[in-house]
Amino acid sequence: MSIKLYNTLTRRKEDFTPLDPDRVTMYLCGPTVYSYAHIGNARPAVVFDVLNRLLRHHYKTVVFARNITDVDDKIIAASEVSGEPIDAITERFTDIYNEDMQALGVLPPDIEPRATAHMPEMIAMIAQLIETGHAYESDQHVLFSVTSYPDYGKLANRSLDDMQAGARVEVADYKRHPGDFVLWKPSADGQVGWDSPWGRGRPGWHIECSAMSARHLGKTIDIHCGGIDLIFPHHENEIAQSCCAHPGTPFVRYWVHNGFLTMNQDKMAKSVGNVLTVNELRKRVHPEVLRLALLSAQYRQPLDWNEDVVQQATDRLDKMYCTLRSVENIQLSEDELTPGEEMLAALGDDLNTPKALAVMAKLVSRINVATDDDERRVAKAQLLASGRLMGLLELPLNEWLQNCQGRALSSEQINALVTEREHARANRNFQRADEIRQQLTDASVQIEDSNEGTLWKFLQ
RNA sequence: GGCUGGGUGGCAGAGUGGUUAUGCUGCGGCCUGCAAAGCCGUCUACGCCGGUUCGAUUCCGACCCCAGCCUCCA
């Protein structure tokens, strides 16, 4: 079963084959840790988590790195505003980020490199770029010379001339070419900084990913992913740095980028005041719902975030868990849990998660239509295995169906009422039975009578 | 202005040169003491205009509209 990925570099879907079949390498541009991650930040984390899971299904070893950018002008600015030391800010928000992502079912990366822990690597790479004529020192800055790299602009499909024509920003006078970007910049006294051959300063934004991916994954990596907005300039600059520092060695074999998330059709931005943080959102929406909602559109498509999307994800998930409850008595062994070909084909086709969800819906249907337990068994196994690839359906059933947290009634109270109602029904006292049901309905508890007895669940 | 994507039924969202996506919702039915759940059936589609074709939502061209990037940004 193959995996096809849309490669931004070639603008088409390509069959994925790792350079080393025994060791797939993948790098995702992680957060800059100066504030809470918003739901848009969560999209790449979640969709590329599915890719990570899929790769692990197909290959023995996958090395997945997601960096932490813990030195950046925005962090410095945040520190200056609050007075909180930089280390404290970055540590706190790294922890919050990881908690948020864990709640969303994102597997932890194998390596989580921090920029501040890789100064020697960055400095060495910059020094090498200067030596080979790809970078120059100017007014205490070190700049990458874009004209020294003929392929500059290839990822974004953009020529240097186009960029100059569209320039909207005043060009710093220490730049030889307006497209030249900072590798190293000076730090003022009292500002965070490291000693370097070019004076005390700090790295530019792009160099950390080049240095850290080479250090941890190798000079050539299989997959590099991130948001579509990173194509230019971030990833374009990474390519320039890495290819010039490692001449003759390809940097990234598959560039994969996720589309943007909008809020009720608007761009999510602080200036619009519509930024929804994961941390805040998961207090009132089950994180698995957030995950499913993020996977409800194919990753390259735009995804509009609104109440409807959340509600529909809730309904889908509820249906799946309810169906799983109906086959709760079927015990499965670990080796039965294999996803079907259809599921692997859907995800293998450039992570077609909506199609994958459709496959899961059909499995739900198969369970409900099945006439014997053998059929149900196979469908349940495939559903759970599919869920595992998607990072869904991994909760104990009652954590979804009967979680009493924040509810008006405890499970003891509900069970007592359900039992009382069953007695009333047995005595054909339907008036009392309906009274109890109304009482439960008022507490958002839904009753399901069946031959095996009465089941209940909370309405989501 | 340059470069990317995209416009599918009430909503979300796949996909395909001729055949049911899928989920939620609406409607009818089965089941049920009544419900709920489930099942069965069913109504609204492919931005606009041309072209290619026996046949286009699907390919090609023009147009309109939307979003993103070109500056920090997932």
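Within every chain, numbering begins at 1; the chains are lettered A, B, ... in the order of the sequence lines, protein sequences first and strands thereafter.
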With A:Gln460, which residues qualify under side-chain contact (heavy atoms from CB on, under 4.5 Å), at least two apart?
A:Thr314, A:Asp318, A:Trp400, A:Arg407

Once you round it to whole Å, what is the distance between C1' of B:U25 and CD of A:Gln311?
11 Å

Whole-Å P distance, B:U42 and B:U22:
12 Å

Where is the tightest heavy-atom contact between A:Asp70 and A:Ile86, given as atom of each residue plus distance?
O-CG2, 4.5 Å

Would you tabulate the pairs of protein nitrogen or oxygen atoms and nucleotide nitrogen or oxygen atoms of nucleotides 14-16 of chain B closer than 3.5 angstrom?
residue : atom : partner  : partner atom : Å
B:A14   : OP1  : A:Gln298 : N            : 2.7
B:A14   : O3'  : A:Asn352 : ND2          : 3.0
B:G15   : OP1  : A:Asn352 : ND2          : 3.2

Considering only atom P, compute the distance from B:G41 to B:A21 and round it to an integer number of Å.
14 Å

Not counting sequence neighbours, which residues clear ring-ring contact (aromatic ring centres under 6.0 Å, His included) with A:Trp184? List them please.
A:Trp198

Between B:G10 and B:G5, how far apart are the P atoms? Round to whole Å, please.
29 Å

Measuring to OP1 and OP2 of B:A74, would you say a side-chain N or O of A:Asn258 lies under 4.0 angstrom away?
no

Full working for side chain to side chain contact (heavy atoms under 4.5 Å, CB included) between A:Tyr97 and A:Arg66
CA-CA 12 Å; A:Tyr97 181 81; A:Arg66 185 182 67 204; 3.7 Å; yes

Without decimals, in angstroms, what is the distance between A:Ile367 CD1 and B:G38 C1'?
12 Å

Sort by first number and list every stem of RNA chain B: at least 3 consecutive Watson-Crick or G-U wobble pairs, both distances under 3.5 Å.
B:1-7 with B:64-70, B:10-12 with B:22-24, B:26-30 with B:38-42, B:49-51 with B:59-61

Could I get a table of every N or O pair under 3.5 Å where one atom is in the protein and the other is in nucleotides 9-11 of chain B?
residue : atom : partner  : partner atom : Å
B:C11   : O2'  : A:Asp308 : OD2          : 2.8
B:C11   : O2   : A:Gln312 : NE2          : 2.9

How far does the P atom of B:C59 sit from the matching atom of B:G7, given to the nearest Å?
11 Å

What pairs of nitrogen or oxygen atoms, one from the protein and one from nucleotides 41-47 of chain B, lie under 3.5 Å apart?
none

Considering only atom P, compute the distance from B:G23 to B:G61 and round it to an integer number of Å.
36 Å

Centres of the A:His224 and A:His257 rings: under 6.0 Å?
no

What's touching nucleotides 34-36 of chain B from the protein side, N or O pairs under 3.5 Å?
residue : atom : partner  : partner atom : Å
B:C34   : O2   : A:Arg437 : NH1          : 3.3
B:C34   : O2   : A:Arg437 : NH2          : 2.3
B:C34   : N3   : A:Arg437 : NH1          : 2.9
B:C34   : N4   : A:Asp449 : OD2          : 3.1
B:A35   : N6   : A:Asp449 : O            : 3.4
B:A35   : N1   : A:Asp449 : N            : 3.0
B:A35   : N1   : A:Asp449 : OD2          : 3.4
B:A35   : N3   : A:Arg437 : NH1          : 3.1
B:A36   : O2'  : A:Gln446 : OE1          : 3.0
B:A36   : O2'  : A:Gln446 : NE2          : 3.4

Atom CD of A:Glu307 and atom C1' of B:C24: how far apart are they, to the nearest Å?
15 Å

What's the CG-P distance between A:Asn427 and B:G33, to the nearest Å?
15 Å

Quick one: does NZ or CZ of A:Arg425 land under 6.0 Å from the six-membered ring centre of A:Phe430, within 45 degrees of the ring axis?
no

Using a heavy-atom cut-off of 4.0 Å across all strands, would you classify A:Phe181 as base, sugar-phosphate, or nothing?
nothing

Please check if any side-chain donor atom of A:Gln298 sits under 3.5 Å from a side-chain acceptor atom of A:Asn352, or the reverse.
no

Would you say the side chain of A:Met26 lies within less than 4.5 Å of the side chain of A:Ile221, judging by non-hydrogen atoms?
no

Minimal heavy-atom distance between A:Leu183 and A:Leu143, with the atoms involved, is CD1-C, 4.1 Å

Residues at least two apart in sequence or cross-chain that pass side-chain contact (heavy atoms from CB on, under 4.5 Å) with A:Ala313, listed by chain then number, are A:Val289, A:Leu292, A:Ala293

Does this structure show an ion pair linking A:Arg376 with A:Glu328, if we count only N-O contacts that are shorter than 4.0 Å?
no

I want to know whether A:Phe93 and A:Tyr34 have ring centres closer than 6.0 Å.
no

Residues from residues 29-41 of chain A sitting under 4.0 Å of RNA chain B, heavy atoms only?
A:His38, A:Gly40, A:Asn41

Pairwise 5' ranking along RNA chain B for A:Arg428 and A:Arg11, keeping only the more 5' one
A:Arg11

Test ring-ring contact (aromatic ring centres under 6.0 Å, His included) applied to A:His234 - qualifying residues, sequence neighbours left out
A:Trp205, A:His206

Salt-bridge criterion met for A:Glu342 and A:Lys362 (N-O under 4.0 Å)
yes

Within the distance-only criterion (no hydrogens, no angle test), does the side chain of A:Lys185 pair as donor or acceptor with the backbone N or O of A:His141 below 3.5 angstrom?
no

Mind checking A:Leu261 for me? I need base, sugar-phosphate or nothing, with any heavy atom below 4.0 Å counting as a touch.
base

Grab the two heavy atoms, one from A:Ile367 and one from A:Ala379, that are nearest each other, plus how far apart they are.
CG1-CB, 3.5 Å

Looking across every strand, which nucleic acid part, if any, lies under 4.0 Å from A:Ser365 by heavy atom: base, sugar-phosphate, or nothing?
sugar-phosphate

Taking atom types as modelled, is there a side-chain donor on A:Asn98 or A:Gln102 under 3.5 Å from an acceptor on the other?
no

Taking 4.0 angstrom as the limit, do A:Arg253 and A:Asp222 come out as a salt bridge?
yes

Validate the cation-pi geometry between A:Arg43 and A:Tyr299: distance from NZ or CZ to the six-membered ring centre under 6.0 Å, angle to the ring axis within 45°.
no

Looking only at atom P, what distance separates B:G50 and B:U16, rounded to whole Å?
27 Å

Using the P atom in both, what is the distance from B:G13 to B:A67, to the nearest Å?
16 Å

Residues that A:Tyr136 engages under ring-ring contact (aromatic ring centres under 6.0 Å, His included), provided they are two or more places apart
none

For A:Tyr152, does its backbone N or O pair with a side-chain atom of A:Glu236 as donor and acceptor, under 3.5 Å?
no

Close N or O pairs between protein and nucleotides 65-69 of chain B (under 3.5 Å):
residue : atom : partner  : partner atom : Å
B:C69   : OP1  : A:Lys267 : NZ           : 3.1
B:C69   : O2   : A:Arg158 : NH2          : 3.2

Taking atom P of B:G13 as reference, at what distance in whole Å does atom CG of A:Asp315 sit?
15 Å

Could you measure between the two P atoms, the one in B:C24 and the one in B:C40, and give it in whole Å?
12 Å

Can you measure A:His235 atom NE2 to B:C70 atom C1' for me and round it to whole angstrom units?
16 Å

From the options A:Arg432, A:Gln438, A:Arg437, select the one residue that forms a side chain to side chain donor-acceptor pair (under 3.5 Å) with A:Glu435.
A:Arg432

Counting only side-chain heavy atoms from C-beta out, which of B:C39, B:U22, B:G5 sits nearest to A:Val369?
B:C39

